[in-house]
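Report on the following structure.
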Amino acid sequence: MKIIAVAVFLLFAGCNSSEPKGQSTKTAEDAFSVRPLLIGESIPDVAVTDTENNEHSIAELIKEKPTLIIFYRGGWCPFCSAHLLELASLEEDIYELGYQILAISPDQPEFLNQTLEDQDLSYTLLSDSPMEAARAFGVAYREDDETVAGLKSNGMDIVQRSGHDHQQLPVPAVYIADTSSKILFQYVNPDYRERISGEILLAALKVFHQE
């Protein structure tokens, strides 16, 4: 079973192996141009805000225990909502393996609370409304004006939800980090419709839990 899990981990964790090492703190022009942090690099010390408007350092939070970090576009995105719900279905298993869950989006705290209520989630949602964390992780990109206008016309106003007019979103991403801030696993896919499966994610978490 462990051999299978390791094989699965290698297949997906290496999906960005062709990208150059080192992250960019700039915003990419589009989702396919991001340069995410890679395995072996360190989680940046950037601030995020919780549902009660309290600021926290990501680096400090992950010192507490190994961490599963999720970047998602916002509670308005149906693909993100489905991913968050799948994560909730795995929550007990994830906690039993000794991990905490931090899910980060550009949504302001008021919208995080709305997502928690609408989806009945209990794990930690954090706001990165200025997109500083997403840029530090190398997963931030600027959405084009036409798409932003189209989203707004369909009731998904990303400017209102973030409280900023940067028109930036994170490429959906998954990171596993240890308490020393070292990245053990990452999955980043510029196609927001494609998310890592719960089965693959649990396999990766189990690999590092057993080490």
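What you see below is based on every heavy atom in this structure, not just the backbone, and it leaves out hydrogens, waters and symmetry mates. Since this is a predicted model, take the numbers as computed values, not measurements. We're numbering straight along the sequence, starting at 1.
Distance CZ/R195 to NE2/H83: 6.5 Å, rounded to 0.5 Å. Considering CD of E86 and OG of S81, their distance stands at 13.0 Å, rounded to 0.5 Å. Atom OG1 of T67 sits about 10.0 Å away from atom CD1 of I58, to the nearest 0.5 Å. Expressed to the nearest 0.5 Å, how far OG1 of T51 lies from CD of Q114 amounts to 13.5 Å. Here CG of L85 is found 11.0 Å from CG of L90. Values are rounded to the nearest 0.5 Å. Going from atom CG of L97 over to atom CG of L202 covers 7.0 Å, rounded to the nearest 0.5 Å.
Identified under the salt bridge (Lys or Arg N to Asp or Glu O under 4.0 Å) test for residues 61-84, with sequence neighbours left out: E60-K63.
With a 4.5 Å cut-off on side-chain heavy atoms, L68 and L201 count as touching. Looking only at side-chain heavy atoms (C-beta outward), Q108 and R161 stay at 4.5 Å or farther from each other. Side-chain contact check for I196 versus F185: some heavy-atom pair is nearer than 4.5 Å. Counting heavy atoms from C-beta on, the side chains of L38 and Q186 come closer than 4.5 Å. V148 is not listed as a side-chain neighbour of L151, based on a closest heavy-atom distance of 4.5 Å or more. At a threshold of 4.5 Å between non-hydrogen side-chain atoms, the residues I70 and L87 count as touching. Between L102 and L61, some side-chain heavy-atom pair lies under the 4.5 Å cut-off.
No more than 12 heavy atoms of other residues, nucleotides or ligands shown are found within 6.0 angstrom of CD on E29. At most 12 heavy atoms of other shown residues, nucleotides or ligands fall within 6.0 angstrom of atom CD in E52.
For the pair Y99 (side chain) and L205 (backbone), a donor-acceptor distance under 3.5 Å is present. Between the side chain of N154 and the main chain of G150, a donor-acceptor pair closer than 3.5 Å is present. Looking only at distances, no side-chain donor or acceptor of T179 sits under 3.5 Å from a matching main-chain atom of P66. Panel note: side chain E143, backbone L169; no donor-acceptor pair is recorded below 3.5 Å. The backbone N or O of P109 lies less than 3.5 Å from a partner atom in the side chain of N113, making a donor-acceptor pair. Listed for the D128 side chain is no donor-acceptor partner under 3.5 Å among the backbone atoms of S105. With hydrogens and angles ignored, the 3.5 Å screen pairs a side-chain donor or acceptor of D107 with a backbone N or O of G75.
The closest side-chain donor-acceptor pair between Q100 and T124, if any, does not fall under 3.5 angstrom. Counting only N and O atoms by type, the side chains of Y187 and N189 include a donor and acceptor under 3.5 Å apart. Between the side chains of S57 and D45, at least one donor N or O sits under 3.5 Å from an acceptor N or O.
R135 and P130 make their closest contact through NH1-O, 3.2 Å (heavy atoms, listed as atom of the first residue, atom of the second, distance). Taking all atoms of both residues into account, the shortest heavy-atom contact from P106 to S127 is O-OG, 4.4 Å. Contact record, M131 with P170: CE-N, 3.5 Å, taken as the closest heavy-atom pair. For A136 against V46, the heavy-atom pair with the smallest separation is CB-CG1, 3.6 Å. The two residues D157 and K152 come nearest to each other via the heavy atoms OD2-CE, 3.5 Å. Taking all atoms of both residues into account, the shortest heavy-atom contact from A173 to V139 is CB-CG1, 4.2 Å.
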Before you tell me yes or no, could you show the steps for L125 and T115 under side chain to side chain contact (heavy atoms under 4.5 Å, CB included), namely the whole-Å CA-CA distance, both residues' side-chain angles and the distance that decides it to 0.1 Å? CA-CA 9 Å; L125 301 188; T115 299; 4.0 Å; yes
Working note: I101 + E91, criterion side chain to side chain contact (heavy atoms under 4.5 Å, CB included); need CA distance, chi angles, decisive distance, verdict. CA-CA 8 Å; I101 303 170; E91 188 174 2; 4.2 Å; yes
Starting from the C-alpha separation in whole Å, work towards a yes-or-no answer on side chain to side chain contact (heavy atoms under 4.5 Å, CB included) for I39 and Y175. CA-CA 9 Å; I39 295 168; Y175 284 91; over 6 Å; no
Could you go step by step and tell me if T27 and Q168 meet the side-chain hydrogen bond (donor to acceptor under 3.5 Å, both in side chains) rule? CA-CA 8 Å; T27 302; Q168 296 176 32; 3.1 Å; yes
Could you give me the CA-CA distance, side-chain angles and deciding distance for V159 and H164, then say whether side chain to side chain contact (heavy atoms under 4.5 Å, CB included) is met? CA-CA 6 Å; V159 173; H164 295 268; over 6 Å; no
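When the side-chain hydrogen bond (donor to acceptor under 3.5 Å, both in side chains) test is applied to S33, the partners found at least two apart in sequence or on another chain are D30. Considering only residues two or more places apart in sequence or on other chains, D165 meets the side-chain hydrogen bond (donor to acceptor under 3.5 Å, both in side chains) condition with none of them.
Aromatic ring centres of F71 and F137 lie closer together than 6.0 Å.
By the rule that hydrophobic residues join a cluster once side-chain heavy atoms approach within less than 4.5 Å of another member, L126 and W76 end up as members of one cluster. F111 and I158 are assigned to two separate hydrophobic clusters, defined by single-linkage of ILVMFWY side chains at heavy-atom distances under 4.5 Å.
The ring pair (Phe, Tyr, Trp, His ring centres under 6.0 Å) test with Y192 is passed by exactly one of F79, Y72, Y141, F32: F79.
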